[in-house]
4 protein chains.
Amino acid sequence: MAVAGRPRSDESHKAILQAAYELLAESGFAAFTFERVAALAGVSRSTIYRWWPSKGALAMESTLGALNAAYQPDPAAPALEQLRTRFHIVARAFKGPTGRIVASMLAESQRDPETLAAFTQNYIEPARASMRELLRRAIAAGELRADFDIELAMDFAFGTLYHQLLLGRSMEPDWIERFADFLLGASQL
Amino acid sequence: MAVAGRPRSDESHKAILQAAYELLAESGFAAFTFERVAALAGVSRSTIYRWWPSKGALAMESTLGALNAAYQPDPAAPALEQLRTRFHIVARAFKGPTGRIVASMLAESQRDPETLAAFTQNYIEPARASMRELLRRAIAAGELRADFDIELAMDFAFGTLYHQLLLGRSMEPDWIERFADFLLGASQL
Amino acid sequence: MAVAGRPRSDESHKAILQAAYELLAESGFAAFTFERVAALAGVSRSTIYRWWPSKGALAMESTLGALNAAYQPDPAAPALEQLRTRFHIVARAFKGPTGRIVASMLAESQRDPETLAAFTQNYIEPARASMRELLRRAIAAGELRADFDIELAMDFAFGTLYHQLLLGRSMEPDWIERFADFLLGASQL
Amino acid sequence: MAVAGRPRSDESHKAILQAAYELLAESGFAAFTFERVAALAGVSRSTIYRWWPSKGALAMESTLGALNAAYQPDPAAPALEQLRTRFHIVARAFKGPTGRIVASMLAESQRDPETLAAFTQNYIEPARASMRELLRRAIAAGELRADFDIELAMDFAFGTLYHQLLLGRSMEPDWIERFADFLLGASQL
DNA sequence: ATTTAAGCGAGACGGTACGTCTTGTCTTGAG
DNA sequence: CTCAAGACAAGACGTACCGTCTCGCTTAAAT
């Protein structure tokens, strides 16, 4: 049951998100201004202000799709193997626009608590939930020791990967393998 | 042998660094502008531009002292114990202005590669060197297995701690203990 | 023969005129915007746009009543005496909202020719016609010389009163008396 | 004794005043925005804001020269003759940009009291002072009766001329003659 | 009874301008 | 040669209105 008033322009909406995404992917938050987004999207600045309260909010929404798109698990494989695959995928994604965006979001989150909250809720938590599920299955399947500290392990895993990203360090496949070995280490059965 | 011309004003220099530190510690990079620093320091903007090429550089120099001041090792204690002590000290420091500053520096580093370079060189690397030394001594003393991957462990340690910092998570003493256990885990002898 | 369709809402119509009048009377054209009128009237902006082509037109209609309400001639009195009475009434009216409004209308007329035309037609001309009548009767009654230049005298009369209004000068009763003396001067019989 | 700091750019200053004048002369206050002035002057907007607190102030300063430039009295002629000449000159000036500007200034003065004050002080008062001088000389020379009310006469004179201007009425030479006759009328000796 | 045709509210939209803030550069005079 | 002072061009910020535009509901006359 539609409300009164001219309906929101889906075209503009999409153009804004697309433009925002492009600017962020290309050069991070530095070149990310409402003015540029508006110009690139062919939209008036006020339309952006109408819908997004802050740069962080726009950045968040414009990148969510891209951030969560990558990982498609293979249910047939053992959980730990899936986990390793996932690490490789993340490392590869962090080389491109996705990495730039995640780094930018983390940076912007330090300025603006609402961006932090949104980033946590929309990106960090889903990613953790997905990894948590994998680790639980690994324990259930006897691939990991039952006393493996899942939450702490995820702090380590995400922390370490993000750290490499923020410091601009590449994560080559063999580093990822060593990383996974270190993380799961003696807990593997 | 002094050169000609008016000598650099040590007073201004210190006032700038002090003002920069205060602004950063109080509200991070958000409120950290050349204009405010100049006003707070009672100094002209051009004097700041003369000596620091970027906000990152000024932020760096103004906070280095505070960042590196904390840790005073006790050479008598076992290396791993010193390491744990150090984790606790870092966690406590991250609760206050120091945490705010490190987070801000990491954030700013995402905008400006030079800040990243400076931050890496002036803060990350010394901290790693110091921790590396500790870990080497731990191995030498037989506290850690000889095949312990020092560099990778440091990626984990710093990454994890920074991650908690950036996400605004507190690091209580018992969490730090679990963190250290996980990090050193089965490698302890 | 009424056409089809929902009839114009008299309630909205009045609310708009009332709101417009209040805003104008309170602070002139400065605070007089369609948005404010709509908000104050509890009416949608488009309803205003439907019926009034410009701010000037709305201002005009909303103030006409107040502007022309004041003067009630006393047919028994001599024409020149009625004229003087009228000057006093105008001077008093110009002290309040009416003055603010007339000044605003004259000001807005400088931006928008249609407002000027409307103002001339709806306010200036009726006022002149009424004064013209009075002056004609004064001549017919032998109160004024037959060669008195009525049109020119009205240019002087209105011009001078408006000038005082626009410059924010008060027109006290004794000033009005001197004003009338100067205007009619030697032409009185 | 010059103060420290980069000296004000005379070039910019002049360009701003010139641009402001052109915009005002061409289309009055309607098209007179800081943005347009800045663009036309090739100057940044902030430079304008630095030096002029309001549109009125800029308009004032940019037009003063033009407004006061016109009248050059001929000391040899009788005062009243000079006065008539002056009326003709004013009427002619009001046909062009000067008229547009004076009307705009009066209009803007209704929005902004500071503009009114500035306009009164910088334009109205000097013009009155100059006419006052002429009228005094006329009385002294026995061209006008000694009890001629100079101030009131000036209210009439300026009021009437401005009124014609604001209402968009032309003031042809013969109208000016009749105007002067009415103003000075029976007071001429 | 059902069209049909406005009126009306709500509110989105592309714009323009506002006044403020910060950046990095520049120009001067004083120390 | 340094420094304070401060002007300058550039450009983004967030706000306020403008005039136009959908949209869905309401209200009455015409069918």
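Naming: A, B, ... by sequence-line order, numbering from 1 per chain. Values below: every heavy atom of this structure, side chains too, minus hydrogens, waters and symmetry copies.
Between the OH atom of Y49(A) and the P atom of dT15(F) there is a distance of 8 Å, given to the nearest Å. In this structure, CZ of F29(B) is placed 11 Å from P of dT23(E), rounded to the nearest angstrom. For L58(C) and dC18(F), the CG to P distance is 11 Å, given to the nearest whole Å. Atoms CD (E35(A)) and C1' (dT16(E)) sit 12 Å apart, rounded to a whole Å. The interatomic distance linking F34(B) (CZ) with dT25(E) (P) rounds to 10 Å, in whole Å. If you take CD of E11(C) and C1' of dT26(F), they are 14 Å apart, rounded to a whole angstrom. Atom CD1 of I16(B) is separated from atom P of dT2(F) by 13 Å (rounded to the nearest Å). Note: CZ (R50(C)) to P (dT22(F)) measures 14 Å, nearest angstrom.
A salt bridge links E108(B) to R111(A): at least one charged side-chain nitrogen sits closer than 4.0 Å to a carboxylate oxygen.
Listed pair T47(B) / dT2(F) fails the phosphate criterion, with no side-chain N or O lying under 4.0 Å from OP1 or OP2. Close to dT28(E), at under 4.0 Å from its OP1 or OP2, lies no side-chain N or O of S46(B). Under 4.0 angstrom from either OP1 or OP2 of dT22(E) there lies no side-chain N or O belonging to K55(B). Residue W51(A) places none of its side-chain N or O atoms closer than 4.0 Å to OP1 or OP2 of dA12(E). In this structure, R36(C) reaches the dC17(F) phosphate: one of its side-chain N or O atoms is under 4.0 Å from OP1 or OP2.
Between F119(A) and Y123(A), the angle of the ring planes lies from 30° to 60°, which puts this pair in the tilted group.
Position along DNA chain F of the nearest nucleotide to F32(C) versus D10(B) favours D10(B) as the more 5'-ward residue. The 5' end of DNA chain E is approached more closely, in terms of each residue's nearest nucleotide, by V43(C) than by the other of T33(B) and V43(C). Mapping G5(C) and G5(D) onto DNA chain E by nearest heavy atom places G5(C) closer to the 5' end of the strand.
A donor-acceptor distance shorter than 3.5 angstrom exists from the side chain of Q110(A) to the backbone of L106(A), with no hydrogens or angles considered. Proximity of a side-chain donor or acceptor of S62(B) to a complementary backbone N or O of A59(B) within less than 3.5 Å is detected.
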Please report, to 0.1 Å, the donor-acceptor pairs under 3.5 Å made by any side chain of residues 33-45 of chain A, with sequence neighbours excluded.
unit_1, atom_1, unit_2, atom_2, d
T33(A), OG1, R36(A), N, 3.1
E35(A), OE2, R45(A), NE, 3.2
R36(A), NE, A31(A), O, 3.4
S44(A), OG, S46(A), OG, 3.1
S44(A), OG, T47(A), N, 3.4
S44(A), OG, T47(A), OG1, 3.2

Run the side chain to side chain contact (heavy atoms under 4.5 Å, CB included) test on W51(C) and E61(C) for me, step by step, so that the C-alpha distance in whole Å, both residues' side-chain angles and the decisive distance to 0.1 Å come before the verdict.
CA-CA 11 Å; W51(C) 299 109; E61(C) 193 178 333; over 6 Å; no
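Within 3.5 Å, no donor on the side chain of R45(A) pairs with an acceptor on the base of dG14(E), nor the reverse.
Nearest nucleotide to the S44(D) side chain, out of dC13(F), dA10(F), dT28(E): dA10(F). Minimum atom distance to the side chain of S12(B) is reached by dA4(F), of the listed dC13(F), dA4(F), dC13(E). Out of dT27(E), dC18(F), dC13(E), the shortest distance to the side chain of P7(D) is found at dT27(E). Of the candidate nucleotides dT26(F), dG6(F), dT15(F), dG6(F) has the atom lying nearest to any side-chain atom of R6(D).
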